[in-house]
Chemist: 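This is the structure I want to talk about, given as structure tokens.
Chain letters run A, B, ... following the sequence lines, proteins first, then strands; residues in each count from 1. When reading the values below, keep in mind they use all heavy atoms of this one structure, side chains included, and skip hydrogens, waters and symmetry mates. These numbers come from a predicted model, not from an experiment.
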There are 2 protein chains.
Amino acid sequence: MKEGPDIARVAALIGDPARANILTALMSGKALTASELAGEAGVSLQTASSHLAKLDDGRLLTARKQGRHKYFALASADVAGVLEGLMGLAAGAGHLRSRPGPKDPALRKARVCYNHLAGDMGIRLFDSLLGRAFLSVTGGSVALTDAGGAFVTDFGVDLGTLATGRAPLCRLCLDWSERRSHLAGALGRAFLGRFEESGWAERVPGSRIVRFSQRGEAAFNGAFPLQAA
Amino acid sequence: MKEGPDIARVAALIGDPARANILTALMSGKALTASELAGEAGVSLQTASSHLAKLDDGRLLTARKQGRHKYFALASADVAGVLEGLMGLAAGAGHLRSRPGPKDPALRKARVCYNHLAGDMGIRLFDSLLGRAFLSVTGGSVALTDAGGAFVTDFGVDLGTLATGRAPLCRLCLDWSERRSHLAGALGRAFLGRFEESGWAERVPGSRIVRFSQRGEAAFNGAFPLQAA
DNA sequence: TAAATGCTTCGACTATGATCGAACTATGAA
DNA sequence: TTCATAGTTCGATCATAGTCGAAGCATTTA
């Protein structure tokens, strides 16, 4: 009847509470099994199975069978982006899931978004790289400068391996808590990986929260200073 | 139960076919009355009224009473952005509303997105401005350069009036058909306005399609050349 | 082989919510 | 005032789809 793609189908897919919980859980970037997702969503295994089939059918998830487990993950960074956008709208309408609990501030400070660092510290990372001209932004796409390449290699990230994947090296991602762009893509994932390897931060199991140790946060602030305005 | 804002509420709001049609219709950027929207959505006035109340309650729309009419518009550019994102996912999943009809190519070539030009020609406009250094992009936000200001003024846009509004002068907006960023914000709106005033293009009533005349398209191509790569 | 685990399918129940007719309110025109 | 148009509210109807018990596959372990 109307023009353009069929929005309602996709939105309705996300609009069920159980499915929304599943998708939110997968925003951690990790692939989870059907049983784990059933637990996250608070429904029985049969119900979850039905939901997962629908999400898979709607191309929001990818499924991968491994032995007798079936692992699900978000289909793409685009899906993650739309989910973040919806979170922004929901937060703006004041529809928080519950009164801001103790986990909320931690979530705003540093969390995993699909596979990279988001929240306060994610923004800080991005701003620092941009301010020192390690990144250049043109037309909504980001690229690593020569100086940036040297810095990143020095930081312990192997650019050669990174560039081989099909995923773009640098991407922008919009933050629901900060309403700002931050660094996604293969490089964003690599940075988060380094933070964990160096013991600066660890991920809180069963949550999107990333907890920096006191030492780790100090090191982070040293490595990624903000320019004076 | 879970962390973060309540995605399901917003998504379910968008997920009803009638409401999705209403929102899609409002992507034209124009404010429409309840009756008009009922027609667009293909439901009775009573039903539409109920839907509009819910959308208003969920902060996706703003309502404005004028005489015995009530005009509705999208609440913000953020809402429009999420809707475009959903269109991208829907198109990617192959869920077009109908088999690509005759209107589809026209829609991909040039259409209205909230209040600015999108599609093929929207991208071209943006690329041309960027290629000639009339725009500068830093950290996901765009700004007009000095040379750009001169060009725009020369084109017939009064920057003084534009800058007074609360809305940012330049913004980025992601395209569902091109999967690229294009120019939004007050300047994007002003450009579209100039195209219509100059008789280069006209909007097809009751649709998001922008139809350029043959002369208009030639003039457009002349005014916004693409640099050689 | 048998037993156990992970997931899917089927079927029945149920609740949510979309829909519209009818009655009501409000604004504007004659 | 009277009439017409725009929109809201109420109530009844009805369909969609979310839910889980039970049974069925499939894969791994013993």
Chemist: Could you tell me whether the phosphate oxygens of C/dA18, OP1 or OP2, come under 4.0 Å of any side-chain nitrogen or oxygen in B/T47?
Modeler: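 For B/T47, the contact criterion (side-chain N or O under 4.0 Å from OP1 or OP2 of C/dA18) is not met.
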Chemist: Look at B/S44 and C/dC20 and indicate whether a side-chain polar atom (N or O) is within less than 4.0 Å of OP1 or OP2.
Modeler: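 Affirmative; the distance criterion is met.
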Chemist: Quick one: does any side-chain atom of A/R203 pair with a main-chain N or O of A/S28 as donor and acceptor, under 3.5 Å?
Modeler: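 The answer is yes, because a donor-acceptor pair under 3.5 Å joins these two groups.
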Chemist: Which nucleotide sits closest to the side chain of B/R68: C/dC7, D/dA6, D/dG18?
Modeler: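 For the B/R68 side chain, the nearest candidate turns out to be D/dA6.
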Chemist: Would you kindly give the CG-to-P distance between A/L32 and C/dG6, to the nearest whole Å?
Modeler: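 After rounding, the reported distance stands at 15 Å.
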Chemist: Separation of A/N21 atom CG from D/dT19 atom P, in whole Å?
Modeler: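 To the nearest whole Å, that distance equals 10 Å.
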Chemist: Below 4.0 angstrom from OP1 or OP2 of D/dG18, is there any side-chain N or O of A/K54?
Modeler: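 True: A/K54 side-chain N/O within range (under 4.0 Å) of D/dG18 OP1/OP2.
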Chemist: NE2/B/H69 to OG/B/S35 distance, rounded to the nearest 0.5 angstrom?
Modeler: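 Taking NE2 in B/H69 and OG in B/S35, the distance rounds to 7.5 Å.
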Chemist: Where is the tightest heavy-atom contact between A/R124 and A/F220, given as atom of each residue plus distance?
Modeler: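 Heavy atoms only, the tightest pair is CD-CE2, 3.9 Å.
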Chemist: Check whether any side-chain nitrogen or oxygen of A/S35 sits under 4.0 Å from OP1 or OP2 of C/dG6, and answer yes or no.
Modeler: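 Answer no for this pair, as no side-chain N or O of A/S35 is under 4.0 Å from OP1 or OP2.
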Chemist: Would you indicate what B/K65 reaches in the nucleic acid, counting non-hydrogen atoms under 4.0 angstrom: base, sugar-phosphate, or nothing?
Modeler: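 Here B/K65 touches no strand at all.
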Chemist: Rounded to whole angstroms, how far apart are CD1 on B/I22 and C1' on C/dT19?
Modeler: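 Distance, rounded to whole Å: 13 Å.
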Chemist: Tell me the interatomic distance from A/H69, atom NE2, to C/dT8, atom P, rounded to whole angstroms.
Modeler: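 Rounding to the nearest Å, NE2 of A/H69 and P of C/dT8 are 13 Å apart.
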Chemist: Got a salt bridge between B/E196 and B/R211, using NZ or NE/NH1/NH2 to carboxylate O under 4.0 Å?
Modeler: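 B/R211 and B/E196: not salt-bridged.
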Chemist: If you check the B/T33 side chain, which of D/dG7, C/dT27, C/dT19 turns out closest?
Modeler: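 So the nucleotide nearest the side chain must be D/dG7.
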Chemist: D/dA6 P sits how many Å from B/Y71 OH, rounded?
Modeler: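 Rounded to whole Å, this separation is 10 Å.
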Chemist: Minimum heavy-atom separation for A/H116 and A/A184, please, with both atom names.
Modeler: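 The answer is CE1-CB, 3.3 Å.
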Chemist: Determine the minimum heavy-atom distance between B/V152 and B/L187, stating which atoms define it.
Modeler: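 It is CG1-CD1, 3.9 Å.
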Chemist: What nitrogen or oxygen pairs link the protein and nucleotides 8-12 of chain D at under 3.5 Å?
Modeler:
residue, atom, partner, partner atom, Å
D/dT8, OP1, B/K70, NZ, 3.1
D/dT8, OP2, B/S49, OG, 2.5
D/dT8, O5', B/S49, OG, 3.4

Chemist: Using whole Å, what does the distance between atom C1' of nucleotide D/dG7 and atom CZ of B/R64 come to?
Modeler: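 So the two atoms are 16 Å apart, to the nearest Å.
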Chemist: Using whole Å, report how far CG of B/L13 lies from C1' of C/dG17.
Modeler: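 Value for this atom pair: 13 Å.
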Chemist: Take atom CG of B/D16 and atom P of C/dG17, then tell me their distance rounded to the nearest Å.
Modeler: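 My rounded result for the distance is 11 Å.
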Chemist: For A/F224 and A/F191, I'd like to know if the aromatic rings sit close, meaning centre-to-centre distance below 6.0 Å.
Modeler: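 When the ring centroids of A/F224 and A/F191 are compared, they turn out to be within the sub-6.0 Å range.
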